[in-house]
Protein chains: 2
Amino acid sequence: MRPTVHDIAAAAGVSLATVDRVLNQRPGVRHVTREKVEAAIREIGYVRDVAAANLAKGRTYSFVFIVPASDNSFMHGLNAEVMAAVARSPVERTDIRTVEVPAFDPAALAAALDTLRAERPAGVALVATDAPEVRDAVDRMVQDGIPVVTVVSDLTGSLRHHYAGVDNIAAGRTAARLLGRFLGGAKGDVAVLAGSMLVRDHRERLEGFSAVMADEFPDLSILPVIEGRDDPDMAHMLVSDALSKRDGIIGVYSLGAGNRGLIRALKETSVARVLTVVAHELTDHTRAALLDGTIDAILNQDAGHEVRSAIRVLKAKADGLSVIDAQERIRLDIFLKDNLP
Amino acid sequence: MRPTVHDIAAAAGVSLATVDRVLNQRPGVRHVTREKVEAAIREIGYVRDVAAANLAKGRTYSFVFIVPASDNSFMHGLNAEVMAAVARSPVERTDIRTVEVPAFDPAALAAALDTLRAERPAGVALVATDAPEVRDAVDRMVQDGIPVVTVVSDLTGSLRHHYAGVDNIAAGRTAARLLGRFLGGAKGDVAVLAGSMLVRDHRERLEGFSAVMADEFPDLSILPVIEGRDDPDMAHMLVSDALSKRDGIIGVYSLGAGNRGLIRALKETSVARVLTVVAHELTDHTRAALLDGTIDAILNQDAGHEVRSAIRVLKAKADGLSVIDAQERIRLDIFLKDNLP
DNA sequence: CTGTTAGCGCATTCAT
DNA sequence: ATGAATGCGCTAACAG
């Protein structure tokens with residue numbers, strides 16, 4: 001049998017309560033007594049039974065997800081995953097709820113964080129908007145002892161405990177190599193469609209993409225970035241325009257959302273024209289486009305994994321446990337038409 | 001508060017013991033009483049607290065991993081992951097151990113299964129060798145009420161409860177498309193290196209690969225499969241031989257293990273010769289080869305994920321719980337030099 | 001400062 | 001066929 005608190009109490013010649021006090025680093029124990037107990041813990045090789053501890057505590061951890069109120073397929077998917085987690089939450093001694101904030105609105109996000117802080121939840125997960133005021137609000141939360149993890153979009157320079165999302169520079173680099181290799185040494189222009197250069201993920205993807213393109217595919221030149229604000233209609237208009245004006249375009253990299261519009265624009269171009277296209281995020285639209293050949297590869301982040309990972313990390317943080325790092329790494333999924341889930 | 005056994009006992013007007021009996025479908029309850037209790041359970045919306053149940057039971061589940069004694073990096077990695085799980089196991093009320101059996105030896109595997117069955121473990125995970133005797137042994141185990149999951153390589157047609165591994169047909173198809181697109185319309189031969197056509201995963205990868213090659217890349221012709229038994233030395237010899245004899249080879253698909261030998265052979269070929277190479281399994285060797293350009297893409301299955309998934313499924317089976325399907329899907333990782341973990 | 005005691009939600013004897 | 005009582009490993013009042 002594994003050693004229990006009783007064993008260590010016996011070994012140290014103290015009572016259960018005292019053992020519990022040192023185990024949970026609570027005050028009210030003389031230094032010598034504490035040492036004695038700690039020695040016993042070490043010698044016996046005790047490891048706390050977390051399940052039993054949680055049962056005794058009766059406490060259920062309340063976590064909050066702050067998500068942007070964006071109307072695109074990816075965010076809808078993310079929301080659905082959070083809801084699925086909410087549905088499972090009673091079973092896992094957690095109480096999860098979501099708070100919606102306007103998208104790309106640092107002030108609103110910071111305000112929401114500050115309001116939340118007063119309620120002292122056991123942990124907070126947020127899709128970060130990269131701005132100083134948000135970073136400060138997050139830092140205040142962390143300094144108040146509340147675990148914070150960022151999801152999808154990170155907030156570097158902040159004190160957040162963890163980031164559950166993909167490496168966006170690597171994503172951009174990967175997109176460049178796929179596009180470059182698929183184009184097999186052809187010479188021409190590459191159009192890049194982004195949501196907004198104000199968002200950190202998009203900037204990073206572009207940065208990675210440009211770097212590899214410059215280093216390894218000098219025959220391909222990147223046109224000025226088209227900013228479609230993740231809006232299907234705007235993306236459609238801008239891409240159509242670009243395609244009609246520049247017939248040197250042989251490749252397209254869509255690094256943001258709003259792919260519905262891009263796909264429409266692509267389908268409207270001359271059938272004689274062959275474009276190689278790499279896009280981000282697997283949705284119903286991009287999936288269909290991949291299958292019918294309009295898109296050649298899709299880079300994706302698994303929202304379900306991100307949400308589950310965020311919760312695991314928050315829970316581990318809340319009861320002082322460690323996580324399995326490899327399990328919490330969010331990978332960049334690459335989908336061709338053959339390996340769709 | 002969540003309803004407990006006490007609540008349902010009160011609601012049904014019976015004792016805790018009776019509630020427990022119907023909850024765990026044990027005999028000794030009159031039909032009417034059972035109905036009454038079941039009604040109460042439903043109305044109250046009771047869900048069992050698994051942690052508390054396990055605490056009360058005190059039982060620790062003993063799981064066994066049967067792994068082939070293969071001397072290649074992938075199997076070493078798999079073993080390491082199982083060992084990591086063993087290290088974590090005391091914390092999770094599980095007792096995991098491994099049993100090694102000779103690779104590609106159906107009789108030995110079947111024998112090991114039958115021996116194990118007598119010990120009645122709480123669950124078994126195995127890397128299956130696809131043979132009737134193995135399938136029968138697995139079926140006997142399942143019929144004895146022992147949960148069984150296959151890892152890495154499946155055993156279709158058997159009664160195993162779950163398969164923790166990638167879709168190998170999809171993997172082969174993906175390899176074909178990557179190779180075909182990377183070769184960009186060139187004409188030539190493609191060499192295929194496999195471990196053994198006796199294992200189902202290798203057969204399936206070849207099947208998927210051949211299908212896409214035939215359908216979509218008619219200018220590439222697949223040479224007869226080289227079987228290297230996942231052995232580096234044998235692979236080295238056979239691949240060197242093939243490369244020297246056929247100078248029409250412009251692409252290589254390595255669908256098994258033993259890539260150490262393949263890589264050596266590739267590096268020994270003339271520097272003037274450009275080969276496009278897709279291989280399976282990320283190991284130290286293949287990672288280095290990807291980075292130095294010897295290999296162009298690596299398809300991978302995350303052994304850590306597979307092991308953790310197998311354990312989760314086994315545990316869920318053992319205490320009659322359900323799993324999150326999406327979480328247990330083992331994806332096909334595609335690594336280019338830019339998105340290595 | 002330290003110890004006693006009573007649960008947390010459930011499973012399991014042992015009576016009845 | 002049913003119920004009362006005890007304990008799993010740990011925490012948290014409440015006493016001393």
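All heavy atoms count here, side chains included; hydrogens, waters and symmetry mates do not. Computed from a predicted model, the values in this text were never measured in an experiment. So you know, we letter chains A, B, ... as the sequences are listed, proteins then strands, and number each from 1.
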A:L55 atom CG is separated from D:dG7 atom P, nearest whole Å, by 17 Å

When you measure from the side chain of B:H161 to the backbone N and O of B:V148, does any donor-acceptor pair fall under 3.5 Å?
yes

In whole angstroms, the gap separating P of C:dA11 from CZ of B:R93 amounts to 13 Å

Kindly indicate whether the side chain of B:P90, heavy atoms from C-beta on, has any atom under 4.5 Å from the side chain of A:V47.
-> no

| request: Step by step, work out the salt bridge (charged side-chain N to carboxylate O under 4.0 Å, His left out) result for B:R200 and B:D154. | output: CA-CA 7 Å; B:R200 177 168 207 98; B:D154 197 10; 6.0 Å; no

Ordered by number, residues from residues 12-30 of chain A within less than 4.0 Å of DNA chain C (heavy atoms) are A:V14, A:S15, A:A17, A:T18, A:R21, A:G28, A:V29, A:R30

Angle separating the five-pair end axes of the helix from C:dC1-D:dG16 to C:dT16-D:dA1, nearest 10°, is 40°

* To do: Let me see the working for B:D201 and B:S153 under side-chain hydrogen bond (donor to acceptor under 3.5 Å, both in side chains), right down to the final yes or no.
  => CA-CA 5 Å; B:D201 38 346; B:S153 186; 3.0 Å; yes

Which of A:E328, A:K317, A:R312 passes side-chain contact (heavy atoms from CB on, under 4.5 Å) with A:H162? Answer is A:E328

- prompt: Hey, does B:R48 have a side-chain heavy atom less than 4.5 Å from the side chain of B:N24?
  reply: yes

Is there a donor-acceptor pair under 3.5 Å between the side chain of A:T94 and the backbone N or O of A:S89?
yes

**Request:** Verify salt bridge (charged side-chain N to carboxylate O under 4.0 Å, His left out) between A:D302 and A:R331, making sure each step is shown before the conclusion.
**Result:** CA-CA 8 Å; A:D302 186 326; A:R331 25 187 156 187; over 6 Å; no

Is any side-chain heavy atom of B:L116 less than 4.5 Å from a side-chain heavy atom of B:M141?
yes

From CZ of B:R59 across to C1' of D:dG7 the rounded distance in Å is 18 Å

Rounded to whole Å, NZ of B:K57 lies from C1' of C:dT12 at a distance of 11 Å

Exercise. Is the shortest heavy-atom distance from the side chain of B:D95 to the side chain of B:R97 under 4.5 Å?
Worked result: no

- Give a yes or no answer on whether the side chain of B:N300 reaches the backbone of B:L282 with a donor-acceptor pair at less than 3.5 Å. yes

Contact check, residues 32-54 of chain A vs DNA chain D, heavy-atom distance under 4.0 Å, returns A:Y46, A:R48, A:D49, A:A52, A:A53

Atom NE2 of B:H6 and atom P of C:dG7 are separated, to the nearest Å, by 11 Å

